[in-house]
Amino acid sequence: MKKVLSLTLALVMLLTSFSAVTAVSAKEQTPQVTAVETQIEKAAQFIINNTYDMNSLSYPDYWLLLSSGVDMSAYKDDYFARLKANLDKNDGKIIIEGTEWYQNESGGWESYSYSYEDISVYAAVIMTLQDYYEEDHENNPSSTDFYGYDITVPFESFDLSKITNPYSYRLAIEASIREGNNEYADTLVKDMILRFYTLGKGLDNWGYSCDNAGHFLTSLGVFSDCFGDKYKKYSDDAEKVIKSYTRENGAICDEQYAPDVNANSTALAMMGFAAMGDYDNAYWYYDKLISGFYNAETGAFLAPNYDTGVLEDNVTATKDALRALGYYKNNLANCHTWEQEVIKPATCTQAGLVKLTCKACGATKTELIDPSHSLDYVAAKAASPVATGNKAYYSCSACGKAFKDAGATQETTVEAETIAKTAKYANTLTVKGKTATFKAKSLKKKAQTIDVKKALAVSKAQGKVTYAKKSGNKKITVNKKTGKITVKKGLKKGTYKVYVKVTAAGNAYYKASAKTVKVTIKVK
């Protein structure tokens with residue numbers, strides 16, 4: 001009787017097949033960003049040095065390296081030729097050749113080949129061509145007109161019932177959002193959850209594991225910037241699943257087949273939290289990944305030798321780490337996570353002083369603490385079981401100053417002259433993207449910057465507003481504080497899509513809120 005490969009080996013093969021890193025946007029550099037950039041560069045180079053034939057890279061692996069910032073120009077022409085030949089041969093579809101190994105009755109290993117179509121391959125190709133086209137659309141074909149083929153057609157009409165590896169959804173969702181097709185991204189998320197996700201267990205891909213949950217959480221993280229907390233029940237659940245596989249020094253894959261802490265699982269856990277914007281958890285796994293499994297000399301990440309069990313440089317572990325580092329840098333590595341030490345407490349009339357230390361990079365700064373009133377709640381009417389429209393006030397016990405309650409006009413329960421604090425309101429932030437036009441002639445000489453009002457209509461924001469570029473051409477940047485958009489020198493004529501995340505921090509009465517919108521940049 002033939003015996004199939006063990007689940008562990010099958011899982012390793014699957015992990016090798018699907019790779020993606022969100023394109024890194026231009027951001028202010030911090031010590032940690034610099035360190036992560038170096039780790040990304042060295043890990044990518046290790047993969048290149050240990051790839052037998054760079055001209056036969058899988059389409060997802062090609063995208064992994066390209067989106068990591070590697071100069072792939074030496075392989076571009078061959079990539080285009082190989083892709084065109086595949087489309088020509090298969091009537092406009094991309095067909096992949098796979099190999100399956102099995103153990104025969106005598107104990108030896110044999111293999112057979114098969115052909116298949118994968119939605120993640122289309123996604124990787126679309127994003128690769130999009131990057132090349134945005135960089136130089138005069139000399140590079142686009143995904144909608146690749147030598148006469150529109151690759152978005154088989155991608156958006158893909159028979160989802162043929163998806164057998166749920167890791168494929170992550171790239172497909174990312175490509176959909178980059179193309180501005182949020183409706184299709186939503187369809188993909190729903191299909192992934194319906195067919196492969198079980199609450200309390202996670203994503204089913206040859207069983208349940210930390211690695212599977214990391215891929216699932218990353219898929220939702222890519223999606224959440226456009227749709228907020230729509231699937232929060234599932235993202236919260238996936239985070240708990242990942243935590244259940246977390247140990248003191250990293251993450252394990254699963255209890256039965258891979259019960260030891262390892263680089264792959266630690267990296268994929270980090271990737272999920274990074275994509276969700278959870279910096280504290282992402283940093284925890286990042287710290288364990290680098291301290292426990294990184295070879296700074298070679299740029300590789302370590303995995304046990306199959307025969308000896310000794311940790312050594314490993315290409316598969318390095319690919320998982322590379323894609324995780326990409327999400328980490330793109331979404332979080334420019335953020336500080338501050339631990340504070342109060343040097344001088346604030347009073348209701350005088351500001352205080354606090355020292356902030358970033359636990360990620362060690363940066364320090366001091367900030368003033370606004371005067372802080374010690375507030376008690378006082379009812380404006382006598383107590384009653386339920387008072388509709390009853391007004392309540394904050395009253396400072398130190399200075400006696402009164403402040404109107406945010407929920408004064410809501411129905412309020414009053415007991416013993418005390419009113420329970422009303423929950424904060426949803427932020428009233430509204431954001432709309434605009435179309436901004438630049439002159440190609442001017443961009444030949446120098447970079448051009450426009451005011452945020454010419455690119456975004458932001459109104460009714462409660463609290464401090466900040467901006468972040470989520471995706472788009474690398475020559476277009478967004479100022480985090482002012483929202484001003486800069487187009488760097490040399491961007492050629494064309495129309496470019498940039499997705500910008502606008503965040504309102506909220507205040508004492510309103511919750512924080514964030515919205516991601518598309519800004520169209522036209523260079524004429």
- Closest heavy-atom pair and its distance - Ile252, Cys210: O-CB, 3.1 Å
- Query: Near Lys464 NZ, under 6.0 Å, is it more than 12 heavy atoms from other residues, nucleotides or ligands?
  - Reply: no
- Run the numbers on Ser209 and Asn212 for side-chain hydrogen bond (donor to acceptor under 3.5 Å, both in side chains), then give the verdict. CA-CA 5 Å; Ser209 70; Asn212 297 352; 3.2 Å; yes
- Kindly write out the residues that satisfy side chain to side chain contact (heavy atoms under 4.5 Å, CB included) with Ala300, not counting sequence neighbours, or none if the list is empty. Phe46, Thr298, Asp313, Thr318
- Query: Are any of the side-chain nitrogens in Asp131 or Arg178 under 4.0 Å away from the carboxylate oxygens of its partner?
  - Reply: yes
- Query: Can you name the closest pair of heavy atoms from Leu220 and Tyr231 and give their distance?
  - Reply: CD1-O, 4.1 Å
- Query: Between Tyr283 and Tyr279, how do the two ring planes meet: parallel, tilted or perpendicular, split at 30° and 60°?
  - Reply: parallel
- Query: Out of curiosity, Tyr59 OH to Leu129 CG, how far, rounded to the nearest 0.5 Å?
  - Reply: 10.0 Å
- Would you find a donor on one side and an acceptor on the other, under 3.5 Å apart, between the side chain of Arg195 and the backbone of Ile163? yes
- Pair Arg247 + Glu255: basic N to acidic O under 4.0 Å: yes
- Query: Any Lys/Arg nitrogen of Asp237 or Lys233 sitting under 4.0 Å from an Asp/Glu carboxylate oxygen of the other?
  - Reply: no
- Query: Using the benzene-type ring in the case of Trp, are the ring centres of Tyr294 and Phe301 under 6.0 Å apart?
  - Reply: yes
- Item | Parallel, tilted or perpendicular, as decided by the 30° and 60° cut-offs, for the rings of Tyr147 and Phe80 | perpendicular
- Residues in ring pair (Phe, Tyr, Trp, His ring centres under 6.0 Å) with Tyr245, at least two apart? none
- Query: For Glu135, what residues pass the side chain to side chain contact (heavy atoms under 4.5 Å, CB included) criterion, not counting sequence neighbours?
  - Reply: Lys474
- State which residue, out of Phe146, Tyr149, Tyr184, fulfils the ring-ring contact (aromatic ring centres under 6.0 Å, His included) condition with Phe155. Tyr184
- Task: In plain terms, say whether Asp236 and Lys240 are close enough for a salt bridge, that is, a side-chain N and a carboxylate O under 4.0 Å apart.
- Result: no
- Query: When you measure from the centre of the six-membered ring of Phe273, is the NZ or CZ of Lys243 under 6.0 Å away and within 45° of the axis?
  - Reply: yes
